[in-house]
2 protein chains.
Amino acid sequence: MPSVTRSVARHKGRSSELEQRVLSSVLRLLADGTRYTELPVQRILEEAGIARSTFYHYFPDKAQLLIKLAELATADIWQSAEQWWRSDHSDGETGLVPVLLTAITQVRENRLVLRAIREVAAYDRTVAEYWISRMTPYLELSRSRLEELRAAGKIGEWVDPARTAQIMAWTMERVVGLHHIPPEDDERWATALARSAWLIIYGDAP
Amino acid sequence: MPSVTRSVARHKGRSSELEQRVLSSVLRLLADGTRYTELPVQRILEEAGIARSTFYHYFPDKAQLLIKLAELATADIWQSAEQWWRSDHSDGETGLVPVLLTAITQVRENRLVLRAIREVAAYDRTVAEYWISRMTPYLELSRSRLEELRAAGKIGEWVDPARTAQIMAWTMERVVGLHHIPPEDDERWATALARSAWLIIYGDAP
DNA sequence: CTCTTGACCGAACACAGTGTTCGGTCGCAT
DNA sequence: ATGCGACCGAACACTGTGTTCGGTCAAGAG
């Protein structure tokens with residue numbers, strides 16, 4: 001007997017049906033290129049068919065709604081890059097191309113939310129802080145790997161691990177997030193980015 | 001008789017003294033890390049010591065004020081960046097590195113405005129359009145120089161001029177736009193950026 | 001069947017920010 | 001002395017955010 005126990009979902013299950021409705025409404029509204037900033041709460045309410053007070057019962061404010069959205073969209077976005085950092089890089093620059101290709105594809109899949117989070121992070125301190133904290137584990141990983149590589153003499157001593165890790169990460173964030181990279185150019189971009197990343201790390205290796 | 005003809009500057013000279021006062025007031029207000037978005041016109045008025053109506057007489061809106069600011073800041077940047085791209089890349093690293101460092105210094109000196117323009121361009125279509133149009137000629141210059149260098153065999157044949165130009169430009173834009181870079185680390189950042197830029201161009205030169 | 005509870009509604013409100021309007025002041029040139 | 005243009009300053013319209021609070025409705029408990 002499938003004990004579905006339907007009505008138990010009354011605001012208990014970690015994410016009520018109504019909350020879900022709001023999230024997908026926002027996605028729908030962002031789809032036509034509307035900026036998150038220029039999207040009034042009122043529009044979201046209409047689209048989701050809920051009352052203002054209900055909205056603010058579920059989300060403390062508009063920013064938190066966006067963060068919730070980002071949390072879901074970026075769950076495994078760094079995975080393939082992290083894996084590369086942990087590897088021994090024996091396949092050289094070539095090994096980086098598929099990593100970048102994956103990143104480009106994944107960013108495209110979540111482009112609406114990523115665009116919005118980057119947009120709001122640019123001026124809202126709360127969202128900015130969230131976004132950086134989301135980025136930090138990745139930054140930490142690449143920094144520590146650069147330090148190891150440097151200690152092992154595998155890369156040039158002029159590499160500044162902390163700064164270099166950030167330059168690389170934010171470059172990818174910026175460039176991969178460029179609006180309107182036509183899919184047919186993915187390969188070229190992945191190659192160009194892989195080359196840049198590789199040279200920033202190994203370009204002046206002994 | 002020194003015919004100073006003072007009052008001729010009465011709103012005729014391309015940039016009245018008062019307009020200048022507004023511009024520098026904004027810079028002063030941005031200096032402590034305040035986002036342009038969270039800077040009320042009221043604060044600008046107080047800082048510049050002018051009336052609201054006067055402000056709107058000089059600037060159609062807050063966005064145009066920012067654009068004006070960016071116009072001036074980027075003029076300096078483009079100049080030193082162009083100097084970098086046009087300088088003779090044949091006599092090796094010694095003559096070139098100082099020029100690169102100068103260009104990066106120029107970018108960093110204008111970081112307040114760059115941050116602001118980047119911030120607002122993220123959500124305001126007018127500013128976004130301006131920013132892209134401002135960036136395009138520069139991207140074009142970089143691209144064509146990379147092409148020449150490649151044709152002349154001075155840089156690696158794996159360089160993709162169009163994409164590499166963009167990667168370099170957006171990297172600078174992104175990294176300079178980061179908030180919370182402790183001032184005491186400035187030097188390290190400049191060095192790390194210069195190294196990255198250099199390697200992206202010359203890292204795999206023949 | 002009545003009573004309670006909690007999810008949701010909806011209208012009003014306080015507040016902050018942008019850009020407009022318009023009458024008024026002041027200095028300067030004719 | 002008069003007119004003009006730069007500037008002031010207060011009021012206003014408008015848009016958007018987040019809060020408040022009384023009210024509806026359905027479901028479950030006694």
Side-chain angles (χ1 to χ4, degrees), chain A residues 3-23 25-26 29-30 34-69 116 119-120 122-127, chain B residues 1 3-23 25-26 29-30 34-69 116 119-120 123-127:
Chain A
S3 137
V4 193
T5 325
R6 322 284 264 36
S7 70
V8 173
R10 268 180 162 273
H11 211 196
K12 279 188 172 174
R14 29 178 269 292
S15 182
S16 78
E17 185 266 341
L18 196 144
E19 186 174 326
Q20 218 52 43
R21 219 162 75 209
V22 173
L23 297 178
S25 297
V26 172
L29 291 167
L30 289 177
T34 306
R35 312 292 199 258
Y36 190 73
T37 308
E38 66 190 26
L39 182 64
V41 172
Q42 180 62 28
R43 276 298 281 115
I44 302 176
L45 303 180
E46 287 163 6
E47 183 73 17
I50 64 169
R52 192 171 196 80
S53 47
T54 309
F55 175 90
Y56 282 104
H57 170 74
Y58 280 91
F59 305 97
D61 54 41
K62 212 181 143 193
Q64 288 304 315
L65 160 57
L66 178 56
I67 288 178
K68 186 89 183 186
L69 223 33
E119 167 195 328
V120 179
Y123 64 90
D124 181 292
R125 289 164 195 267
T126 312
V127 174
Chain B
M1 192 208 83
S3 143
V4 193
T5 326
R6 325 281 267 32
S7 69
V8 173
R10 267 173 165 276
H11 211 193
K12 277 189 171 174
R14 19 182 274 292
S15 182
S16 78
E17 184 266 342
L18 196 146
E19 187 175 325
Q20 217 52 45
R21 219 162 76 209
V22 172
L23 297 178
S25 297
V26 172
L29 291 167
L30 289 178
T34 307
R35 313 299 199 256
Y36 191 73
T37 308
E38 66 190 25
L39 182 65
V41 172
Q42 180 62 30
R43 275 299 281 116
I44 302 176
L45 303 179
E46 288 163 7
E47 182 73 18
I50 64 169
R52 192 171 196 80
S53 46
T54 310
F55 175 91
Y56 282 103
H57 171 72
Y58 280 91
F59 306 97
D61 54 42
K62 212 181 144 194
Q64 288 303 315
L65 160 57
L66 179 55
I67 288 179
K68 186 88 183 187
L69 225 33
E119 166 195 326
V120 179
Y123 64 89
D124 182 296
R125 290 163 195 270
T126 312
V127 175

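Convention: sequence-line order gives letters A, B, ...; per-chain numbering from 1. Excluded from the calculations below are hydrogen atoms, water molecules and symmetry mates; all remaining heavy atoms, backbone and side chain alike, are included.
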>> Would you compute the distance between atom OH of Y36(A) and atom CG of L69(A) and round it to the nearest 0.5 angstrom?
In response: 7.5 Å
> To the nearest 0.5 Å, what is the distance between OH (Y123(A)) and OG1 (T37(B))?
Replying inline: 7.0 Å
To the nearest angstrom, how far is [X] atom [atom1] from [N] atom [atom2]?
{"X": "L65(A)", "N": "dT17(D)", "atom1": "CG", "atom2": "C1'", "value": "14 Å"}
{"X": "E46(B)", "N": "dC8(D)", "atom1": "CD", "atom2": "P", "value": "14 Å"}
{"X": "H57(B)", "N": "dA6(D)", "atom1": "NE2", "atom2": "P", "value": "5 Å"}
{"X": "I44(B)", "N": "dG19(C)", "atom1": "CD1", "atom2": "C1'", "value": "13 Å"}
{"X": "E38(A)", "N": "dT17(D)", "atom1": "CD", "atom2": "P", "value": "12 Å"}
{"X": "L45(B)", "N": "dC7(D)", "atom1": "CG", "atom2": "P", "value": "14 Å"}
{"X": "Q42(B)", "N": "dC8(D)", "atom1": "CD", "atom2": "P", "value": "13 Å"}
{"X": "Y36(A)", "N": "dG16(D)", "atom1": "OH", "atom2": "P", "value": "15 Å"}

>> Quick check: do Y58(A) and V22(A) have side-chain heavy atoms less than 4.5 Å from each other?
In response: no
> By side-chain contact (heavy atoms from CB on, under 4.5 Å), which residues pair with S25(A), not counting sequence neighbours?
Replying inline: R28(A), E47(A), A48(A)
>> Can you list everything that forms a side-chain contact (heavy atoms from CB on, under 4.5 Å) with Q20(A)? Sequence neighbours excluded, please.
In response: S15(A), L23(A)
> Is Y58(A) near enough to dC8(C) that one of its side-chain N or O atoms lies under 4.0 angstrom from OP1 or OP2?
Replying inline: yes
>> Is the phosphate of dT19(D) approached by Y56(A) (side-chain N or O, under 4.0 Å from OP1 or OP2)?
In response: no
May I have the list of side-chain donor-acceptor pairs in residues 38-45 of chain B shorter than 3.5 Å, sequence neighbours left out?
from: E38(B); atom 1: OE2; to: R125(A); atom 2: NE; distance (Å): 3.1
from: E38(B); atom 1: OE2; to: R125(A); atom 2: NH2; distance (Å): 2.7
from: E38(B); atom 1: OE2; to: R35(B); atom 2: N; distance (Å): 3.4
from: Q42(B); atom 1: NE2; to: E46(B); atom 2: OE2; distance (Å): 3.2
from: R43(B); atom 1: NH1; to: E46(B); atom 2: OE1; distance (Å): 3.4

> Can you name the closest pair of heavy atoms from Y56(B) and D61(B) and give their distance?
Replying inline: CE2-CA, 4.1 Å
> If you check every side-chain atom of L18(B), which of dG19(C), dC7(D), dG18(D) has the closest atom?
Replying inline: dC7(D)
>> Working note: K68(B) + Q64(B), criterion side-chain contact (heavy atoms from CB on, under 4.5 Å); need CA distance, chi angles, decisive distance, verdict.
In response: CA-CA 6 Å; K68(B) 186 88 183 187; Q64(B) 288 303 315; over 6 Å; no
> More 5' along DNA chain D: P40(A) or F55(B), using each one's nearest nucleotide?
Replying inline: F55(B)
> So how far off straight is the helix from dC1(C)-dG30(D) to dT30(C)-dA1(D), going by the axes through five pairs at either end, to 10°?
Replying inline: 20°
>> Once salt bridge (charged side-chain N to carboxylate O under 4.0 Å, His left out) is applied, do any residues pair with R52(B), and if so which ones, sequence neighbours excluded?
In response: none
Pairs under 3.5 angstrom, nitrogen or oxygen only, protein versus nucleotides 10-14 of chain C, please.
from: dG10(C); atom 1: N7; to: S53(A); atom 2: OG; distance (Å): 3.0
from: dG10(C); atom 1: O6; to: S53(A); atom 2: OG; distance (Å): 2.5

